[in-house]
Amino acid sequence: MRGDVAITLVAFVIALAVGHPQCRDFLPPFRVAAPLNFCAEHSDLGCCTSTYDQAAKALYDRHFGSVENSQCKEIARRLICATCSSWSQHLYDRQSVAGVSELLNLFPAMCPRFCVSFLTNCSRYILDTILPDFNVTNYCEKSQLSRDSSYCYPFDENAIQSQLGDADTKDSNCLCLKAIARNLKNPVAAIPANDGTRRLFIVEQLGVIKIFDQAQNRMLKLPFLNLTAQVVQLGSRSDERGLLGLAFHPNYKSNGLFYVYYVLWLRKAGRWEQASRVTEFRRSPVDDNRADIKSEHIIMQVLQPRANHNGGQLMFGDDGYLYVFLGDGGSAGDPFGKHGNGQNRSTLLGSILRIDVNSRPYAVPPCNPFVGERGVREEIYSYGLRNPWRCSFDRGDAETGYGRGRLFCGDVGQNQFEEIDIVEKGGNYGWRGKEGFSCYDKKLCNNMENERLPIHAYSHFVGRSVTGGYVYRGCQFPSLRGKYIYGDYQNGRLFMLDENQITGKWMNRRICLGGKDLCHSGVTGNLGSNILSFGEDDAGELYVMAVSKSSPAKPLGTVFQIVDPSSRASPDECSKYRSVQVGLQNSPDKDCLGTASPSLTPSFPTTSSPSPTPSPTPSPCSNEDGSECPCLQRELLVRDYCNKSYSYQMRVLIARTKLLPNNSRLVTATLIEIFYGLDNYRSRLHKEIQYLILPSATRCRCPRFISARDYIVMGETDPYGRPVVCADSLAKLWREREWRRRIARNRQSPHCQHYYTRN
């Protein structure tokens with residue numbers, strides 16, 4: 001007996017030295033959103049959702065429901081639930097046992113005595129029916145075919161956890177990487193189509209777009225698009241040309257349109273010149289996993305004086321416009337003209353462009369910052385960039401919306417500094433006057449209009465070529481939320497910027513990648529030598545693309561998911577927590593109200609405002625079957641809204657709703673009266689407004705006013721009471737400070753007791 005105890009203690013010591021809690025998907029355990037019923041012992045910290053809990057109960061009932069031996073039933077239940085253990089990866093780290101039933105191979109590796117106890121108690125029901133010719137002792141020996149013999153079921157999880165103390169969080173600053181796709185040729189982008197198919201489109205620099213099916217966890221054999229015949233031919237050495245960008249139209253699900261950016265050779269006036277081409281393609285009408293290569297429609301072409309600094313990213317904003325990212329034309333020091341291309345707004349180079357691709361040819365949005373300025377290209381959204389290598393829109397916090405629409409860019413430096421910028425409309429980001437915060441061209445440095453400084457810059461003692469990343473807005477790893485994750489191409493280092501929302505300052509730190517003691521069994525801390533790019537899937541989870549050696553012609557690239565080994569959220573929670581990718585909402589630039597792309601803002605006939613006569617009282621909006629509520633049907637309903645925080649009331653006439661192709665609803669309403677404080681202060685008006693309800697909002701909630709930051713906007717709440725707001729500029733009213741001034745003059749203003757709706 002003492003020998004057994006000693007062996008057990010040695011096993012625990014080994015476990016402490018080499019292991020940590022880990023689920024069978026190689027990710028950390030989580031606290032479930034709601035307690036499990038069948039596998040209740042794993043509710044606090046485990047690896048199963050309520051969905052699996054129900055499936056486990058069904059499996060148990062099917063195989064052990066008729067068993068009379070209570071000990072056998074309880075042992076079987078514990079074994080079926082072992083996959084929910086926070087140490088399940090270690091328990092199941094064994095080969096399948098040949099010659100036994102599929103059911104027994106669902107069980108974990110059992111400790112010898114427990115295995116004998118299981119087979120002894122259940123022999124009447126198991127051995128005589130499932131394993132009539134199988135040796136009990138032989139099975140128990142074979143069930144120990146584990147790579148780590150220190151883990152077998154059952155072991156005292158609580159004892160291990162208490163001995164570990166903070167072992168599972170001591171490396172909380174370290175991340176791991178989970179490879180999802182290998183043997184790629186310089187992958188430079190990984191983005192979703194946001195059509196609900198859970199496909200990740202991976203762009204290879206050589207000219208090929210491949211599809212990784214996340215639902216099936218596999219790369220499709222045939223490429224989505226092959227442009228190697230059009231793209232400039234790349235050799236085995238590092239090259240900044242090629243297929244560099246991909247963006248899906250916001251209405252891709254219905255119209256099948258997408259856009260790519262690639263560098264090619266053009267014959268101009270008898271000479272061959274390099275050019276960047278932005279072009280439109282259409283999805284194949286017969287196969288969703290293939291593009292129609294014959295459908296190419298050229299949007300724009302920009303001649304490139306040198307082979308480097310091509311930028312290359314394409315993205316759609318919530319305003320419905322396409323953003324195009326161009327470098328300064330290459331060479332070194334931006335030697336083109338008196339001020340360089342970066343400060344020359346008569347050229348498109350060195351700029352971020354914003355265009356409307358729903359027109360033929362493309363149109364310039366009337367709210368672009370330099371529209372009407374003489375000698376300036378009106379497509380320019382911002383300028384003063386050297387080589388914006390990988391930019392991204394911030395999805396914003398899924399609950400508060402904070403940060404949504406911010407445009408982050410990594411701008412590659414010259415020979416001293418690399419920088420991260422938050423790009424604003426009309427902003428000048430300094431090149432070639434400045435490199436980071438430092439002067440590069442002293443004649444330009446102190447004499448630049450619209451100058452914007454980086455939020456962070458680092459010297460070449462830290463890294464030599466920045467690769468811009470994303471603000472993490474996924475759900476799986478809560479400790480990463482709101483952090484901007486980026487890297488350096490040259491040395492393969494990962495970094496993180498953390499924002500202080502009070503001061504507006506950003507704190508930078510290097511991200512530690514865990515060693516083999518932290519990252520193993522399906523995850524790794526080995527990234528590779530060069531970080532090419534970052535990607536984001538439908539759910540906001542982040543990916544990093546790296547190569548052991550940058551070579552466009554060789555399959556040395558890998559797409560890794562970024563994993564926090566210290567903690568993760570319950571998948572149940574993540575099925576509800578969603579941040580929507582920028583480019584899918586309708587939030588037009590405030591200067592472009594009424595002029596946004598017709599494909600994103602359907603027009604409705606203007607009708608005179610009906611008399612504010614209350615309609616019959618509708619039934620409550622509490623349908624659970626998904627049917628439309630009366631307030632969302634074509635009925636004329638007058639509703640009062642009250643918010644105690646600001647002492648205001650509004651009377652709103654719900655005029656009509658319309659279902660859009662993407663399952664959003666556009667609601668047209670009329671503001672009839674607004675009350676501030678005392679009833680004798682009111683404003684009568686008949687202002688028609690429109691607002692959008694996203695598909696993520698519950699269909700059964702009635703439209704309502706929601707306070708969001710400085711404004712009151714029309715929107716809706718999701719099933720968990722969180723505001724879902726889209727296109728706040730469409731229902732913008734007075735600012736909060738104006739309300740407070742008015743309320744201060746009416747100190748007797750009544751306060752509502754709760755937020756309500758009524759007829």
Side-chain angles (χ1 to χ4, degrees), residues 184-191 200-210 223-235 237-248 258-266 273-281 291 296 298-316 322-330 348-353 355 357 385-393 409-412 465-470 486-487 489 530-536 543-547 550-553 557 559:
L184 296 164
K185 297 178 180 179
N186 269 23
V188 295
I191 63 172
L200 203 60
F201 291 76
I202 299 174
V203 178
E204 290 183 319
Q205 188 179 355
L206 204 63
V208 177
I209 301 175
K210 297 182 176 180
F224 178 65
L225 180 65
N226 189 333
L227 292 174
T228 52
Q230 289 99 307
V231 173
V232 61
Q233 186 175 0
L234 303 177
R237 300 182 64 181
S238 179
D239 199 315
E240 295 184 23
R241 300 170 298 171
L243 177 59
L244 303 176
L246 167 68
F248 291 92
F258 65 95
Y259 303 82
V260 297
Y261 176 119
Y262 61 89
V263 180
L264 75 163
W265 288 103
L266 287 179
E273 298 189 62
Q274 295 176 102
S276 292
R277 172 181 286 178
V278 178
T279 187
E280 176 188 274
F281 284 94
E296 183 173 17
I298 298 173
I299 303 295
M300 67 163 49
Q301 293 181 153
V302 181
L303 294 179
Q304 294 284 357
R306 300 290 187 273
N308 57 339
H309 300 184
N310 295 289
Q313 194 140 7
L314 299 176
M315 293 188 298
F316 279 92
L322 181 66
Y323 290 71
V324 182
F325 298 78
L326 292 170
D328 65 5
L348 297 179
L349 296 173
S351 302
I352 297 173
L353 316 180
I355 59 176
V357 293
L385 296 150
R386 184 174 181 271
N387 186 26
W389 183 245
R390 307 298 90 170
C391 303
S392 64
F393 279 115
C409 268
D411 195 16
V412 181
S465 183
V466 67
T467 299
Y470 287 81
Y486 69 102
Y489 163 80
N530 304 113
I531 297 176
L532 291 175
S533 188
F534 290 82
E536 189 181 50
Y543 301 83
V544 57
M545 284 146 274
V547 289
S550 184
S551 175
V559 178

Under 3.5 Å donor-acceptor, N530 side chain and Y489 backbone: yes
Nearest non-hydrogen partners of A190 and I202, listed with the distance: CB-CG1, 4.2 Å
Contacts of type side-chain hydrogen bond (donor to acceptor under 3.5 Å, both in side chains), residue N310, not counting sequence neighbours: none
Taking every non-hydrogen atom, the tightest pair across N308 and G330: OD1-CA, 3.0 Å
By ring pair (Phe, Tyr, Trp, His ring centres under 6.0 Å) - contacts of F281 (at least two apart): F258
Contacts of type salt bridge (Lys or Arg N to Asp or Glu O under 4.0 Å), residue E240, not counting sequence neighbours: none
Crowding at CD, Q230 (>12 non-hydrogen neighbours, <6.0 Å): yes
Heavy-atom closest contact (N186 atom, S550 atom, distance): ND2-OG, 3.4 Å
Set of residues satisfying ring pair (Phe, Tyr, Trp, His ring centres under 6.0 Å) with respect to Y262, sequence neighbours excluded: none
Test ring pair (Phe, Tyr, Trp, His ring centres under 6.0 Å) applied to Y259 - qualifying residues, sequence neighbours left out: F316
Nearest-0.5 Å distance that lies between atom SG in C391 and atom CG in L314: 11.0 Å
W389 side-chain N/O to Q313 backbone N/O, donor-acceptor pair under 3.5 Å: no
Donor-acceptor contact below 3.5 Å, side chain Q205 vs main chain R241: yes
From E296 atom CD to E280 atom CD, the distance as rounded to the nearest 0.5 Å: 10.0 Å
Derivation of the side-chain contact (heavy atoms from CB on, under 4.5 Å) call for H309 and L349: CA-CA 10 Å; H309 300 184; L349 296 173; over 6 Å; no
Least distance between heavy atoms, S276 atom then V263 atom: OG-CG2, 4.0 Å
Spacing of CG belonging to L322 relative to CE belonging to M300, to within rounding of 0.5 Å: 8.0 Å
Atom pair CD/CG of E273 and L264 - distance to nearest 0.5 Å: 11.5 Å
Rounded distance (nearest 0.5 Å) linking atom OH of Y543 with atom CD of E536: 10.0 Å
Closest non-hydrogen atom pair, D411 against P388: OD1-N, 3.4 Å
Pair I355-V278, side-chain contact (heavy atoms from CB on, under 4.5 Å): steps then yes or no: CA-CA 11 Å; I355 59 176; V278 178; 5.5 Å; no
Test applied, side chain to side chain contact (heavy atoms under 4.5 Å, CB included); reference residue, Y261; option that passes from L326, L246, T279, V302: L326
R390 vs Y486, side-chain contact (heavy atoms from CB on, under 4.5 Å): CA-CA, chis, key distance, verdict: CA-CA 9 Å; R390 307 298 90 170; Y486 69 102; over 6 Å; no
Steps toward side-chain contact (heavy atoms from CB on, under 4.5 Å) verdict (M545, V188): CA-CA 7 Å; M545 284 146 274; V188 295; over 6 Å; no
Shortest non-hydrogen separation from V231 to L243 and the atoms involved: CG1-N, 3.8 Å
side-chain hydrogen bond (donor to acceptor under 3.5 Å, both in side chains) partners for S533, two or more places apart: none
Value rounded to 0.5 Å, distance of CZ in F201 from CZ in F248: 4.0 Å
